[in-house]
Amino acid sequence: MSFGDYINFTQRYCNKLLAAINVYPNPTLGKVTIEGAKEDQVFRLYGVNGQLIKEGKFKKGKNQMNFTDFAPGIYLLKVDEHTFKISKR
């Protein structure tokens with residue numbers, strides 16, 4: 001396999017992983033639903049300043065995070081090497 005083939009394979013694999021996880025509604029006023037994450041997959045939620053707010057593992061099926069008590073702004077949900085930007089109104 002050439003380096004170019006490896007890059008193409010890696011991009012297709014990463015796109016498939018990203019497509020498998022769905023985060024909604026975004027922006028949110030309260031709860032966010034995360035679908036498609038694997039059971040026991042580790043997540044970390046950060047504020048835009050880089051401060052770790054919450055970490056844990058996803059449960060089987062749909063998961064929810066409550067943003068009701070969070071200040072309006074941008075939050076970063078990291079799942080493995082993937083990052084999802086969530087906007088809280």
Side-chain angles (χ1 to χ4, degrees):
M1 177 184 287
S2 73
F3 182 71
D5 290 337
Y6 174 76
I7 294 298
N8 288 335
F9 171 79
T10 303
Q11 287 175 335
R12 284 194 312 271
Y13 177 76
C14 288
N15 287 340
K16 186 181 264 188
L17 283 176
L18 285 173
I21 297 176
N22 192 15
V23 179
Y24 63 90
N26 192 8
T28 186
L29 296 172
K31 291 184 180 178
V32 171
T33 300
I34 299 104
E35 284 186 311
K38 296 176 184 170
E39 185 175 8
D40 292 329
Q41 195 168 17
V42 174
F43 71 84
R44 288 181 178 84
L45 182 67
Y46 295 91
V48 74
N49 62 359
Q51 180 182 5
L52 178 64
I53 296 171
K54 183 176 185 176
E55 64 182 325
K57 292 182 180 181
F58 289 116
K59 297 177 183 171
K60 186 175 182 177
K62 289 183 182 179
N63 290 266
Q64 288 193 327
M65 283 189 190
N66 191 349
F67 281 71
T68 304
D69 294 333
F70 294 172
I74 301 296
Y75 296 86
L76 303 174
L77 176 64
K78 293 197 174 205
V79 181
D80 295 331
E81 67 274 4
H82 307 292
T83 303
F84 300 89
K85 184 169 73 171
I86 300 171
S87 177
K88 164 67 167 52
R89 290 186 180 174

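Position 1 is the first residue of the sequence, and the numbers go up from there.
Every residue two or more places apart in sequence or in another chain that forms a side chain to side chain contact (heavy atoms under 4.5 Å, CB included) with Pro25 is listed here: Thr28. With sequence neighbours excluded, the residues that form a side chain to side chain donor-acceptor pair (under 3.5 Å) with Thr33 are Gln64. With sequence neighbours excluded, the residues that form a ring-ring contact (aromatic ring centres under 6.0 Å, His included) with Phe58 are Phe43. Looking at residues two or more places apart in sequence or on another chain, you find no side chain to side chain donor-acceptor pair (under 3.5 Å) involving Asn26.
For the pair Leu77 and Met65, the minimum side-chain heavy-atom distance is below 4.5 Å. In this structure the side chain of Val79 reaches within 4.5 angstrom of the side chain of Ile21, judged on heavy atoms. Looking only at side-chain heavy atoms (C-beta outward), Arg89 and Pro27 come within less than 4.5 Å of each other.
Listed by first then second residue, pairs satisfying salt bridge (Lys or Arg N to Asp or Glu O under 4.0 Å) with a partner in residues 22-36 read Glu35-Lys62, not counting sequence neighbours. Listed by first and then second residue, the salt bridge (Lys or Arg N to Asp or Glu O under 4.0 Å) pairs involving residues 63-78 amount to none (not counting sequence neighbours).
Distance check, rounded to the nearest 0.5 Å: CD1 of Ile86 to CZ of Phe70 gives 9.5 Å. Interatomic distance, NZ of Lys57 versus CD of Glu39, reported as 10.0 Å (0.5 Å rounding).
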Would you list the atom pairs, donor with acceptor, under 3.5 Å between side chains in residues 44-56 and any protein atom, with sequence neighbours excluded?
unit_1, atom_1, unit_2, atom_2, d
Arg44, NE, Glu55, OE1, 3.3
Asn49, OD1, Gln51, N, 3.0

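Looking at Asn66, its side chain does come within 3.5 Å of a backbone N or O of Thr68 through a donor-acceptor pair.
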Inset, instruction - Before giving the answer on side-chain contact (heavy atoms from CB on, under 4.5 Å), spell out for Asn22 and Ile34 the whole-Å C-alpha distance, their side-chain angles and the decisive distance to 0.1 Å. - result: CA-CA 6 Å; Asn22 192 15; Ile34 299 104; over 6 Å; no

